[in-house]
Asks: 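Here it is, the structure in full.
Keep in mind that this is a model prediction, so the values were computed, not measured. Atoms within a ligand are numbered from 1 in the order they appear, just like the ligands themselves.
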Amino acid sequence: MMVFSTPDDMRHASAEWRAAGEQLCLVPTMGAIHDGHLALVTAAKKAAKRVVVSIYVNPTQFAAGEDFDSYPRNFRADQQKIEAAGGVDAIYAPQAMYRDQHATHIVPSGVALPMEGESRPHFFTGVATIVFKLFQHVPADYAVFGEKDFQQLAVLRQMVGDLNLPISLIGHPTVRETDGLALSSRNHYLSAEQRAIAPLLYQTLGKSAAEILAGGDIQQSLDEAKSHLLAGGFTKIDYLDLRDATNLAPSLTAKADDRLFVAAWLGETRLIDNCAIGSHPARSR
Ligand code: PAF
């Protein structure tokens, strides 16, 4: 696998592939590669002949006091995991993505405003800006993003549409542990005790999905789900909402593809998850 660390080298390789008529798919990551990322790589290989994984812990999507400094960084281990899964054409691991005088940001509105937009107001500006820059460095035909960050994917689809970016985004279903916990680099932060509580997040989404699909009162179900999480050991809930899958507006009458979205804390660790109410395995129990 080639490793590129500068925009010029990355663009040069991409241009050669494109000149040979080969399509290119980008898998943007912040490293700490796990099986969820490897599933994105597999999807990328189906989409295009050439695959690039980018690894960059983007400072602008972390607010002061968040986990930028402690975010797991181990390039060798990441490289080995990608290699062991069959490798990709290149890893793009830029050293720095912002020059000292950087002063231009993409500030998404619309689907970026609720949920993560309220809890972490800096977040989507950081994500949109870095992903836009990555798309300039890796001029790909496709990029794959996990649906664990469903709102992020919606924000990026909105950006691609609004700014006419010549790239197609592919969403990949969330990869889960056998107990239902969505794979996330942040799961490493959990103590053994917190890890045992964490699957309650997806279980609770399932309980709510089943109630809502059965015609139960949406607000009552969401309120009960929050109480259930707090009683089960979660320490704080940022949001637990039922929303339309396309415009992320609150759903007042449930449809099967509406999604439940949750962000909740276990001590110092913030976990997010989401699912379509019609697709949770608990919906028909
Ligand atoms: O989902 C992530 O890991 C990040 O938000 C992304 C898309 C790589 C941008 O830094």
Side-chain angles (χ1 to χ4, degrees), residues 4-5 7 10 25-41 43-44 47 51-63 66-75 77-79 81-82 88 90-98 102 105-108 111-112 115-117 119-138 140 142-160 163 165 167-176 182-189 261 263 269-274:
F4 299 115
S5 59
M10 188 65 247
C25 185
L26 172 65
V27 183
T29 80
M30 298 205 300
I33 298 293
H34 52 63
D35 286 351
H37 297 116
L38 297 177
L40 304 185
V41 169
V51 173
V52 175
V53 173
S54 67
I55 297 181
Y56 178 68
V57 185
N58 172 33
T60 65
Q61 65 191 74
F62 294 81
E66 289 189 349
D67 55 341
F68 176 68
D69 290 332
S70 54
Y71 200 85
R73 291 167 175 83
N74 188 339
F75 182 76
D78 287 346
Q79 198 178 20
K81 281 182 200 155
I82 296 167
V88 293
I91 295 179
Y92 180 43
Q95 292 308 305
M97 286 289 278
Y98 300 95
H102 182 97
H105 301 277
I106 294 185
V107 185
V111 295
M115 301 191 288
E116 292 299 294
S119 306
R120 305 179 69 202
H122 58 284
F123 178 64
F124 285 128
T125 295
V127 169
T129 303
I130 198 67
V131 170
F132 184 89
K133 283 169 73 71
L134 285 168
F135 288 173
Q136 307 310 303
H137 299 185
V138 191
Y142 304 95
V144 191
F145 296 89
E147 288 185 349
K148 200 207 73 155
D149 298 284
F150 193 90
Q151 191 181 6
Q152 168 174 276
L153 176 59
V155 169
L156 295 172
R157 285 195 195 287
Q158 177 179 266
M159 175 180 82
V160 164
L163 303 183
L165 304 183
I167 187 163
S168 299
L169 303 192
I170 300 170
H172 190 281
T174 303
V175 180
R176 299 181 181 280
L183 297 195
S184 165
S185 307
R186 290 190 167 103
N187 294 351
H188 294 294
Y189 299 153
F261 292 89
T269 302
R270 184 175 185 273
L271 300 179
I272 62 171
D273 203 349
N274 72 88

Asks: Taking atom NE2 of His37 and atom NE2 of His172, what is their separation to the nearest 0.5 Å?
Replies: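 Spacing of NE2 (His37) from NE2 (His172) equals 12.5 Å.
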
Asks: How would you list, by chain and number, every residue that makes a ring pair (Phe, Tyr, Trp, His ring centres under 6.0 Å) with Phe150, sequence neighbours excluded?
Replies: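 Counting only residues at least two positions away or on another chain, Phe150 forms a ring pair (Phe, Tyr, Trp, His ring centres under 6.0 Å) with Phe261.
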
Asks: Would you find a donor on one side and an acceptor on the other, under 3.5 Å apart, between the side chain of Glu116 and the backbone of Ala112?
Replies: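 Such a contact is absent between Glu116 side chain and Ala112 backbone.
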
Asks: Specify the closest pair of heavy atoms between Phe145 and Leu40, including all atoms of both residues, with the distance to one decimal.
Replies: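 Residues Phe145 and Leu40, closest heavy atoms: C-CD2, 4.1 Å.
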
Asks: Please work out which of Lys133, Gln61, Met30 has its closest non-hydrogen atom nearest to atom 9 (C) of ligand 1.
Replies: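 When every heavy atom of Lys133, Gln61, Met30 is considered, Gln61 comes closest to atom 9 (C) of ligand 1.
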
Asks: Just which atoms of ligand 1 are under 4.0 Å from any heavy atom in Gln152?
Replies: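 Once the distances to Gln152 are compared, the set is 1 (O), 2 (C), 4 (C), 5 (O), 7 (C).
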
Asks: Show which atoms of ligand 1 fall inside a sub-4.0 Å distance from at least one heavy-atom site of Ile130.
Replies: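 Within the 4.0 Å cut-off of Ile130, ligand 1 contributes 9 (C), 10 (O).
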
Asks: Using a strict cut-off of 4.0 Å, indicate which atoms of ligand 1 neighbour a heavy atom of Pro28.
Replies: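 Counting from 1, the qualifying ligand atoms are 8 (C).
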
Asks: For Thr60, which residues count as a side chain to side chain donor-acceptor pair (under 3.5 Å) partner, sequence neighbours excluded?
Replies: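 Partners of Thr60 under the side chain to side chain donor-acceptor pair (under 3.5 Å) test: Asn58, Tyr98.
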
Asks: Under 3.5 Å, N or O to N or O, is Thr29 touching ligand 1 that way?
Replies: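 No: no nitrogen or oxygen of Thr29 is under 3.5 Å from one in ligand 1.
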
